[in-house]
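Because the structure is predicted, anything quoted here is derived from the model rather than measured. Note on naming: letters A, B, ... go to the chains in the order of the sequence lines (proteins, then strands), and numbering restarts at 1 for each one. Computed over heavy atoms, backbone and side chain alike; hydrogens, waters and symmetry mates excluded.
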Protein chains: 2
Amino acid sequence: MTGIFPDGYILGMKTIFQALAEPNRLQIVELLRTGPLGVGEIAERLSMSQPQTSKHLKVLSEAGLLQMEAAANRRIYRLSAGSFQELEAWASSFRRDWEQRMDRLDDYLSRLQDGK
Amino acid sequence: MTGIFPDGYILGMKTIFQALAEPNRLQIVELLRTGPLGVGEIAERLSMSQPQTSKHLKVLSEAGLLQMEAAANRRIYRLSAGSFQELEAWASSFRRDWEQRMDRLDDYLSRLQDGK
DNA sequence: GAATAGGTTTCCTTGACAGGTATATTCCCT
DNA sequence: AGGGAATATACCTGTCAAGGAAACCTATTC
């Protein structure tokens, strides 16, 4: 524990954020929205070198954002739902926080109005 | 343009991800879930130095994740909804992608079954 | 079974960024 | 005005990760 929050949670998120924080990787993710692709195609479409692409794909895969399927010589990468769901859950939890606060505020205000 | 996607979009997301990719900053965000806090309190609760904390708060603020309110000597930081909503929208857009794909697959399968 | 195509890994260099310490700034109090 | 509290900034240093070039794997084709 480095702090007062469960580390596993923080660490998983950290890995996801780190992976997505690099612009080329973010573009890979956006590109793969359109469907699975091989390494060479990704590299070409994004004007990246092939080793560079390979390394980025590795990082994204290790963060659980991508999954790979070996087809003979080629490796086909596609988006993997898990981490995106985690991300959405995390982000939406803040909205819930705020909504709760709003509810409490509403309660407070209506109690005021009722003269209690 | 570094690629084939609108840069503003990618860049905004990149800034958010970069900000959240640092564990201490992620912990600050989690801590601020519980409510607004001053710099000193944040530093103390997370066992960070004050300058360190200040710098992290700056990064988070510039990413739109925090907003600051000056109260005399003190600066009170609180979570700011905007970037979290952006994040949630982004993450959930992938889910929509997949759901659409499932729909198309369903269509396809039922057409198969109908012998068309 | 060489040559080739598609990918991965290694090594090196360089730039970005986090942490520490010291210094500046702003506000409050007396 | 002077002193102290709360925060921000500057500067320096060390670490880590991204990019490039080359070497390495593995499957395919002739």
_Using a 3.5 Å distance criterion without hydrogens, assess whether the side chain of B/S83 forms a donor-acceptor pair with backbone atoms of B/A63._
yes
*Has A/R25 got a side-chain N or O lying under 4.0 Å from the OP1 or OP2 atom of D/dA18?*
yes
*Are OP1 or OP2 of C/dC17 and a side-chain N or O of B/H56 less than 4.0 angstrom apart?*
no
*Would you mind reading off the distance between B/Q50 atom CD and D/dT9 atom P, rounded to a whole angstrom?*
11 Å
*Please examine the side chains of B/V29 and A/W90, heavy atoms only from C-beta on, and report whether any two atoms are closer than 4.5 Å.*
yes
*Return the value, rounded to whole Å, for the distance between atom CG of B/N24 and atom P of C/dG19.*
5 Å
*Separation of B/K55 atom NZ from D/dT7 atom C1', in whole Å?*
13 Å
*Verify same cluster id: A/F94, B/M68 (apolar side-chain graph, 4.5 Å)*: yes
*Distance in angstrom units between A/L60 CG and C/dT8 P, rounded*: 13 Å
*Nearest whole angstrom, please: distance from the C1' of C/dA5 to the CZ of A/R75.*
13 Å
*asked:* On DNA chain D, does the nearest nucleotide to A/A72 precede the nearest nucleotide to A/Q18 from the 5' side, or the other way round? Give the residue.
replied: A/Q18
_d(CD, B/Q52; P, C/dG20) in whole Å_ = 5 Å
*Would you tell me if any nitrogen or oxygen in the side chain of A/R74 comes within less than 4.0 Å of OP1 or OP2 on C/dA5?*
no
_d(CG, A/L57; C1', C/dG7) in whole Å_ = 10 Å
*Mapping A/M68 and A/N73 to their closest nucleotides on DNA chain C, which lands nearer the 5' end?*
A/N73
*Mind checking whether A/F84 and B/W98 have parallel, tilted or perpendicular rings, split at 30° and 60°?*
perpendicular
*Are B/E99 and B/R96 within salt-bridge range, i.e. N to O under 4.0 Å?*
no
*Nucleotide C/dC17, atom P - distance to CD of B/E22 in whole Å*: 12 Å
*asked:* Any side-chain N or O of A/Y77 below 4.0 angstrom from OP1/OP2 of C/dT8?
replied: yes
